[in-house]
There are 2 protein chains.
Amino acid sequence: MNQDTMNRGFSAIMKELGLKETPKRRAVLEVLAEQHGFLSPEEVWRAARVRFKTIGLPTVYRNLEELAAGGVISTIIHPSRQLYYYFCTTGSGHHHHFICTSCRRVEDIPECTVAAMEQDIITRTGGRITSHIVQFNGLCRHCLTDPNKRITT
Amino acid sequence: MNQDTMNRGFSAIMKELGLKETPKRRAVLEVLAEQHGFLSPEEVWRAARVRFKTIGLPTVYRNLEELAAGGVISTIIHPSRQLYYYFCTTGSGHHHHFICTSCRRVEDIPECTVAAMEQDIITRTGGRITSHIVQFNGLCRHCLTDPNKRITT
DNA sequence: TGCCAAAGAGAAACGATTTCTTTTTATACC
DNA sequence: GGTATAAAAAGAAATCGTTTCTCTTTGGCA
Ligand SMILES: [Mn+2]
Ligand SMILES: [Mn+2]
Ligand SMILES: [Zn+2]
Ligand SMILES: [Zn+2]
């Protein structure tokens, strides 16, 4: 994703969400978009500080939360239970992820085939499903190939 | 689950995991087994203190973690990112859950139909899947029927 | 240009979870 | 039954990721 596409797209995104287009907010989004994997709020903050002498960690937390609430970025469920975010370049469309627990790469799982399971649950339990979590964890082919390059976080 | 079944089963469980059968550990398991829904470590602790004047919160955390590692209890993924545990009476067999975010009831999802998705990911990405998360969140039929009885946690 | 709600800085608080040290206890073995 | 020993627990304290607070700054709009 080149810088121009990024900037144009980001302006539209923030407008749609009714969020002001501030340099800090754009930086948060840019930092995430430049990564191939998911990042923690503190990692986003460290990367953003390279561009801004001053940017507060609470600012990063707030923006990440807002952007995730708006569906612009995805939250990653992690065994450590820390917060992690990922900017998914696959446009709209509901889908899930395969994350490498070693290097943090993320792969799309295009089809969400849980519809049948949901219908089954609804009819069987009589409840209403408001959301679901489907995520596959493992090692990507890079980390599988080079065991000595694995990042055991 | 009656008390006798509980005690006999629990002894075997701890033996299998190579854990000493202590009163505190059994209490943690009993508290969870008596609930129809999932509990936080502090809630387990409060319930366990009814039986023991002294039981430390770290003890509860440690036991819950060990029992979960042994597969005896399940961890629940929660939007609040707090820890929650659930004692699943469905014996062995891999399956997933539908949890009510209001009253914390848990329903089994007997079939795990993600095998096809996994195979697809493996062949397409060349990675290895070590685990997956599949969970459905929503409102159970009780909470759906009585909106005014909903527990908005 | 001026207004004002939204956004950010910086410091501080928070609180769930973990760590540490000392004491107790379950279990294996005699 | 008595004893050794490693596991387990108590209680206090620390940790640290995350959130809150107060004041200041700024983007969007007329
Ligand atoms: Mn994606
Ligand atoms: Mn179950
Ligand atoms: Zn990897
Ligand atoms: Zn319910």
Legend entry - Residue whose closest nucleotide on DNA chain C lies nearer the 5' end, B:Leu19 versus A:Ile55: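 The 5'-side residue here is A:Ile55.
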Inset, instruction - Starting from the 5' end of DNA chain C, give me the residue, B:Pro23 or B:Leu83, whose nearest nucleotide shows up first. - result: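 Counting from the 5' end, the first nearest nucleotide belongs to B:Leu83.
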Inset, instruction - Please step through side chain to side chain contact (heavy atoms under 4.5 Å, CB included) for the pair B:Arg81 and A:Gln82, ending with a clear verdict. - result: CA-CA 8 Å; B:Arg81 292 190 348 277; A:Gln82 269 194 230; over 6 Å; no
Look at the side-chain N and O atoms of [X] and state whether any lies under 4.0 Å from the OP1 or OP2 oxygen of [N].
X       : N      : result
A:Lys24 : D:dT26 : no
B:Tyr61 : C:dT17 : yes
B:Thr22 : C:dT25 : no
B:Arg25 : C:dT25 : no

Just the rounded figure in Å: distance from [atom2] of [N] to [atom1] of [X].
X       : N      : atom1 : atom2 : result
A:Phe52 : C:dG8  : CZ    : P     : 10 Å
A:Leu57 : D:dC21 : CG    : P     : 17 Å
B:Gln82 : C:dG15 : CD    : P     : 11 Å
B:Glu65 : D:dA7  : CD    : P     : 16 Å
B:Lys53 : D:dA10 : NZ    : P     : 11 Å
B:Arg81 : D:dT19 : CZ    : C1'   : 11 Å
A:Glu43 : D:dG17 : CD    : P     : 11 Å
A:Leu67 : C:dA7  : CG    : P     : 11 Å

Of the options [options], whose atoms approach the side-chain atoms of [X] most closely?
X       : options                : answer
A:Glu42 : D:dA9, D:dA6, D:dG17   : D:dG17
B:Glu66 : D:dA8, D:dA10, C:dA9   : D:dA8
B:Glu21 : C:dA5, D:dA9, C:dT27   : C:dT27
B:Pro58 : D:dT18, C:dA16, C:dT18 : C:dT18

Inset, instruction - Answer with yes or no whether the side chains of B:His132 and B:Glu118 bring together a donor and an acceptor at under 3.5 Å. - result: yes
Inset, instruction - Not counting sequence neighbours, list each pair that qualifies as a side chain to side chain donor-acceptor pair (under 3.5 Å) and has a residue in residues 60-73 of chain A. - result: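 Checked against side chain to side chain donor-acceptor pair (under 3.5 Å) - neighbours excluded - the pairs reaching residues 60-73 of chain A are A:Arg25-A:Asn63, A:Arg25-A:Glu66, A:Thr59-A:Arg62.
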Inset, instruction - List the steps and the verdict of ring-ring contact (aromatic ring centres under 6.0 Å, His included) for B:Tyr86 and B:His97. - result: CA-CA 10 Å; B:Tyr86 175 68; B:His97 292 130; 5.5 Å; yes
Inset, instruction - Classify the nucleic acid contact of B:Arg62 as base, sugar-phosphate or nothing, counting any heavy atom under 4.0 Å across all strands shown. - result: base
Legend entry - NZ/NE/NH1/NH2 to OD/OE distance under 4.0 Å, B:Arg49 and B:Glu42: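 B:Glu42 and B:Arg49: not salt-bridged.
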